[in-house]
Amino acid sequence: MCGRFTMALDALELQKELELGEMPLDWLPRFNIAPSQMVAVVIEPNKRDVSWMRWGLIPSWAKDIRIGSRMINARAETLEVRPAFRRAYAQRRCLILADGFYEWKRNPGKKVPAIPYHFYLNGRKPFTFAGLWEFWKSPNDEEIKSCAIITCAANPAVAAVHERMPVILGREDCWRWLEPRSTPELAKLLQPYSGEDLSLHRVSKLINRPEFDHPDCILSQEE
DNA sequence: CCAGACGTTGTT
DNA sequence: GTCTGG
DNA sequence: CCAGACGTTGTT
DNA sequence: GTCTGG
């Protein structure tokens with residue numbers, strides 16, 4: 001699963017590395033991005049402008065913004081059938097910008113705290129999660145855009161910690177994800193990350209607190 | 001027909 | 001235990 | 001994902 | 001909005 005992630009690069013570095021368009025002016029490096037917060041997304045593959053969206057997809061028919069807190073992830077295996085995600089899968093796919101993500105390793109049956117790990121690519125290069133997004137109009141007519149991160153089975157590197165992981169798209173695949181495509185073509189993109197350059201290390205439980213967004217979040221900690 | 005859910009993960 | 005907020 | 005609240009009334 | 005359960 002993916003319930004926390006990082007985007008620690010500065011705007012210019014990220015823009016250059018992923019060949020993006022315009023960046024938000026209020027960009028800040030982030031070390032502990034939590035659900036309900038604003039995340040950086042791209043929805044259009046030509047201009048590739050980056051904008052903010054709320055993390056936690058609120059379906060257009062929702063009566064309450066709170067439903068978004070249950071829609072932070074969408075299983076790749078069931079996108080076509082889930083009422084909350086089906087339309088977005090067909091019409092509103094997005095890229096969510098990241099340079100790492102956290103997973104917690106549990107010890108089943110034992111009453112010990114879960115241990116958090118940070119996953120990142122060699123050289124701390126940025127990458128994109130496959131995502132879905134929606135419009136929602138609040139009762140006082142405020143338009144809110146929100147998104148979900150798609151998950152798949154863990155690859156071998158992640159499996160030691162957790163059974164699921166976010167879908168990470170490659171540098172070319174990510175633009176294909178945004179173009180109109182048939183569902184078989186899209187489904188082919190939603191695979192566990194196959195690169196050999198995904199690293200991990202244990203981090204402090206300080207990251208458990210969503211309000212602790214600090215460079216120390218990604219510091220390596222002794223096992 | 002109407003009411004109520006619409007999701008994932010992990011645990012039992 | 002379960003829901004909400006971040 | 002984890003942390004923190006989970007309630008009402010009345011008073012400041 | 002659309003599907004499922006009653």
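Letters A, B, ... are given to chains in the order of the sequence lines, protein chains preceding strands, and every chain is numbered from 1.
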Return no unless some side-chain N or O of [X] is found under 4.0 Å from OP1 or OP2 of [N].
X	N	result
A:S69	C:dC3	no
A:R106	B:dT9	no
A:N208	D:dA3	yes
A:T78	B:dT8	yes

Taking [atom1] from [X] and [atom2] from [N], how many angstroms apart are they, rounded to a whole number?
X	N	atom1	atom2	result
A:R66	D:dC6	CZ	C1'	14 Å
A:R70	C:dT4	CZ	C1'	11 Å
A:R54	C:dT4	CZ	C1'	11 Å
A:R4	B:dT9	CZ	P	16 Å
A:Y89	E:dG1	OH	C1'	20 Å
A:R86	B:dG7	CZ	C1'	14 Å
A:D213	D:dC1	CG	P	19 Å
A:K137	E:dG1	NZ	P	13 Å

Should A:I96 and A:W55 count as side-chain neighbours, where that means a heavy-atom distance under 4.5 Å?
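In short, these two side chains do not touch, never coming nearer than 4.5 Å.
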
Using atom [atom1] of each nucleotide, how far apart are [N] and [M] to the nearest Å?
N	M	atom1	value
B:dG4	C:dC3	P	16 Å
D:dC2	B:dT9	C1'	13 Å
B:dG7	D:dC1	C1'	14 Å
C:dG5	D:dT8	P	15 Å

Closest to side chain of [X], choosing from [options]:
X	options	value
A:R82	B:dG10, C:dG6, B:dT8	B:dT8
A:E163	D:dC1, B:dT8, B:dG10	B:dG10
A:R209	B:dC6, B:dT8, D:dG4	D:dG4
A:A84	B:dC6, E:dT2, D:dC1	B:dC6
A:H162	C:dG6, B:dC6, B:dT9	B:dT9
A:Q37	B:dT9, D:dC1, C:dG6	C:dG6

At under 4.0 Å between heavy atoms, what does [X] touch on the DNA or RNA strands: base, sugar-phosphate, or nothing?
X	value
A:A74	sugar-phosphate
A:F5	nothing
A:I72	base
A:R75	sugar-phosphate
A:S60	nothing
A:P59	nothing

Could you let me know what B:dC2 is paired to, Watson-Crick or G-U wobble, both distances under 3.5 Å, or none if it's on its own?
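In the structure as shown, B:dC2 has E:dG5 as its Watson-Crick or wobble partner.
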
Tell me which nucleotide, if any, is Watson-Crick or G-U wobble paired with D:dG7 when both distances must be under 3.5 Å.
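Here D:dG7 is not engaged in any pair, so there is no nucleotide opposite it.
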
Would you say [atom1] of [X] has more than 12 non-hydrogen atoms from neighbouring residues, nucleotides or ligands within 6.0 angstrom?
X	atom1	value
A:R87	CZ	no
A:E196	CD	no
A:E22	CD	no

Below 4.0 angstrom, N of the basic side chain to O of the carboxylate: do A:E17 and A:R171 qualify?
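Salt bridge: yes.
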
Residues A:K125, A:D99: salt bridge by 4.0 Å N-O rule
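No, A:K125 and A:D99 are not salt-bridged.
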
Determine whether the aromatic ring centres of residues A:H118 and A:F101 are separated by less than 6.0 angstrom.
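When the ring centroids of A:F101 and A:H118 are compared, they turn out to be at least 6.0 Å apart.
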
A:W61 on top of B:dC6's base, within under 5.5 Å and under 30°?
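By the stated criterion, A:W61 and B:dC6 stack.
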
